[in-house]
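Working notes for the structure below.
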Amino acid sequence: MGDASRLLVPSRKKERYISASCPYVDCRASIEFQPPTLEAVKKVPASVTTFSVTCVVCGRNFDPPGAPKLLREVRSQGAHDAKGEQGAKRLIGTDEHPIDMSFYDLLGVPASATPADIKKAYRKLAIKLHPDKNPDDPEGEEKFKALAAAYQVLSDPDTRHKYNEFGPSTPGLVNEDAVMDPEEVFGGLFGGERFRDIIGTVSLGREMKEALQKDSSELQAEAEGQTDPGSKLTPEQEAAKEQEAQRLAKEKEVQRQERVNELADKLARKLSIYAESVHTADNETHADEARAGFSEIVRLEAEELKQENFGVELLHAVGFVYTAKSRHYLAAHGMFGTLSGFFHAASSSIHTVRETVSTLHAALELKKVFEELAKAEDEGITEERKKQLEDKAAEKGLRTLFKSAKLEVESIVRDVCDRVLYDEQVSKPLQRLRAEALGLVGDVYTRTEADETPAASS
């Protein structure tokens, strides 16, 4: 007979549970789950890299945060247990099978990722996770630091090899204070180091850094022509604002001219290889050989350049300007003189207008994607669908940024070409040889095509 004076509550053995939130907008229940058991993991193929959890409230499935890492830990523990005490000594990973995958997980890439894959993944996530863009996330700065540390290690072949062998605890592997400069992230987004001698550093990097250093209210106020939301500028403030705007404009113009001068010097040196070879050729056969040799040098250069982010697109953009400027010079100084030169100048202007319109269209397409994302979130959306829309927005956003950068690049390159072709310190024959060489470079650049395999540049 039981004791009616006591209330008995059953118990259970304490087990490991992990907290999570249902990602579906119309549920958002707080739940907990246990990691998959070794017995369950053994029943699925090794190609399975994640697992799903069923929400106890709404009954729908989702992949919880950190699922790939949890699954690897279960498999790793199983392998360790199978070896027994004899296998308890420390393991050393390899480049094909790293001992730790946490840095790869942070970047969302496999262990087999190429340097280009790692760079592309980092830049995409750095834009998304920068703490200045996530002021409401208390862990935003730590997430960004972890991302920067992972990229710092995996982007260098030596430190990546050490990490693959011994993991993140390797002494001296990670600089804990390392945070990538946003100007470096955005400045190298299109073209990278290889294009620096041709287009310089795209100002997008500096402008994006300035934007990231401001909060959303400040950016909104600037867009509305105010120093603070809802405030009205006094005449003194208006004057100070105008003066500051003029100062910044002059500063940017000086930076632009310095950039053009530096790039013009480098382009002139490149074209001098052709000019000197053709000029010193003692017959037409040798001159043709010099032209062919110069074209081959440029072709090999283009094969390297096209491996960079948006490399093929940038080669085509630069090549178009080179070709147009070469034709304009040769036509203006040829049989039909100014009239023919005017025709080529007009064609170049039409191209610029067309590219500007294309950039505006891309911006409108991006706006539509964000509107679709906002509407879907209001009506209820799964994490999977949200990720699809965010990826779509990121892709279109990158394309829109590239089109904007492309306009800047073409403008800079036009000024560089003019500086080189109409240099009054060189003779007319040398100017003409420079124009011929510029046309050859432009022709090679515009004919460069992407490899058949999927490129990492886009």
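Quick caveat: nothing in here was measured; it's all calculated off a predicted structure. Side chains are part of it too, since the values below use all heavy atoms of this structure and drop only hydrogens, waters and symmetry mates.
Salt bridge status for Glu296 with Arg299: present, with a side-chain N to carboxylate O gap under 4.0 Å. In summary, Arg247 and Glu244 engage in a salt bridge, as defined by a charged side-chain N under 4.0 Å from a carboxylate O.
Side-chain contact check for Asp156 and Tyr151: no donor-acceptor pair (N or O, by modelled atom type) lies under 3.5 Å. Checking Arg60 against Ser52 by side-chain atom types alone, no donor-acceptor pair falls below 3.5 Å. When only modelled atom types and interatomic distance are considered, Arg160 and Tyr104 share a side-chain donor-acceptor pair under 3.5 Å. There is a side-chain donor-acceptor pair under 3.5 Å between Tyr445 and Glu301. Side-chain polar atoms of Thr114 and Asp117 form a donor-acceptor pair below 3.5 angstrom.
Rounded to the nearest 0.5 Å, atoms NZ (Lys406) and NE2 (His316) are 10.0 Å apart. Here the straight-line distance linking atom CD1 of Ile31 with atom OG of Ser21 works out to 8.0 Å at 0.5 Å rounding. Of the inter-residue distances, the one linking Asp197 atom CG with Arg269 atom CZ reads 8.0 Å to the nearest 0.5 angstrom. In this structure, Leu271 CG and Lys266 NZ are separated by 14.5 Å, a value rounded to the nearest 0.5 Å. Separating the CD atom in Glu253 from the CG atom in Leu248 is a distance of 13.5 Å, to the nearest 0.5 Å. For the atom pair Tyr274 OH and Leu440 CG, the distance stands at 5.5 Å (nearest 0.5 Å).
Residues Tyr163 and Phe103 bring their aromatic ring centres within 6.0 Å.
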Run the salt bridge (Lys or Arg N to Asp or Glu O under 4.0 Å) check on Asp443 and Arg447 step by step: do they pass?
CA-CA 6 Å; Asp443 181 59; Arg447 287 189 292 107; 3.0 Å; yes

Please test Lys306 against Glu303 for salt bridge (Lys or Arg N to Asp or Glu O under 4.0 Å), starting from the C-alpha separation and ending with a verdict.
CA-CA 6 Å; Lys306 76 178 186 180; Glu303 287 298 308; 3.1 Å; yes

Evaluate the side chain to side chain contact (heavy atoms under 4.5 Å, CB included) criterion for residues Leu70 and Phe51: first the C-alpha distance (whole Å), next the side-chain angles of each, then the deciding distance (0.1 Å), finally the verdict.
CA-CA 9 Å; Leu70 281 171; Phe51 63 87; 3.9 Å; yes

Chi angles and distances behind the salt bridge (Lys or Arg N to Asp or Glu O under 4.0 Å) call for Asp415, Arg256:
CA-CA 10 Å; Asp415 286 356; Arg256 178 188 174 89; 2.8 Å; yes

Show, in sequence, the C-alpha distance, side-chain angles and deciding distance for Lys325 and Leu421, and conclude whether the side chain to side chain contact (heavy atoms under 4.5 Å, CB included) test is met.
CA-CA 9 Å; Lys325 285 295 182 179; Leu421 294 179; 4.2 Å; yes

When you look at Glu408 and Arg259, which way does the salt bridge (Lys or Arg N to Asp or Glu O under 4.0 Å) test go after all the steps?
CA-CA 12 Å; Glu408 176 193 329; Arg259 178 178 170 188; 2.6 Å; yes

Dump the intermediate steps for side chain to side chain contact (heavy atoms under 4.5 Å, CB included) on Asn164 and Thr94, then the final yes or no.
CA-CA 6 Å; Asn164 288 340; Thr94 65; over 6 Å; no

Before you tell me yes or no, could you show the steps for Arg28 and Cys55 under side chain to side chain contact (heavy atoms under 4.5 Å, CB included), namely the whole-Å CA-CA distance, both residues' side-chain angles and the distance that decides it to 0.1 Å?
CA-CA 10 Å; Arg28 299 293 192 191; Cys55 176; over 6 Å; no

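In terms of heavy atoms, Ala264 sits closest to Val420 at O-CG2, 3.5 Å. Taking every heavy atom of both residues into account, Glu410 and Ala317 meet most closely at OE2-CB, 3.8 Å. Between Gly59 and Thr54, the shortest heavy-atom distance links the atoms O-CG2, 3.7 Å. When all heavy atoms of Leu106 and Ala150 are compared, the closest pair comes out as CD1-CB, 4.0 Å. The two residues Gly167 and Asp100 have their closest heavy-atom pair at CA-CB, 4.0 Å. Minimum heavy-atom separation, Cys417 to Leu438: SG-CD2, 3.8 Å.
Side-chain contact between Leu154 and Leu107 is present, with at least one heavy-atom pair separated by less than 4.5 Å. Inter-residue side-chain proximity for Ile18 and Pro35 is flagged as met; some heavy-atom pair is nearer than 4.5 Å. Put simply, the side chain of Leu267 reaches to within 4.5 Å of the side chain of Tyr322, judged on heavy atoms. Side-chain atoms of Ile412 and Val260, non-hydrogen and from C-beta on, do get closer than 4.5 Å to each other. The shortest side-chain heavy-atom distance between Pro115 and Ser155 does not fall under the 4.5 Å cut-off. The side-chain heavy atoms of Asp423 and Arg434, taken from C-beta on, include a pair separated by under 4.5 Å. Contact annotation: the side chain of Val318 approaches that of Ile198 to within less than 4.5 Å [non-hydrogen atoms, C-beta and beyond].
Side-chain atoms of Ser411 never come within 3.5 Å of backbone atoms of Leu407 as a donor-acceptor pair (strictly under, hydrogens ignored). In this structure, the side chain of Ser326 does not engage the main chain of Thr323 through any donor-acceptor pair within 3.5 Å. Side-chain atoms of Thr37 come within 3.5 Å of backbone N or O of Ala40 as a donor-acceptor pair.
Remark: Gln243 CD is loosely packed, at most 12 non-hydrogen atoms of other residues, nucleotides or ligands lying under 6.0 Å away. At most 12 non-hydrogen atoms from other residues, nucleotides or ligands lie less than 6.0 angstrom from NZ of Lys162. Enclosure of atom CD in Glu449 is not indicated, since only 12 or fewer non-hydrogen atoms of other residues, nucleotides or ligands lie within 6.0 angstrom.
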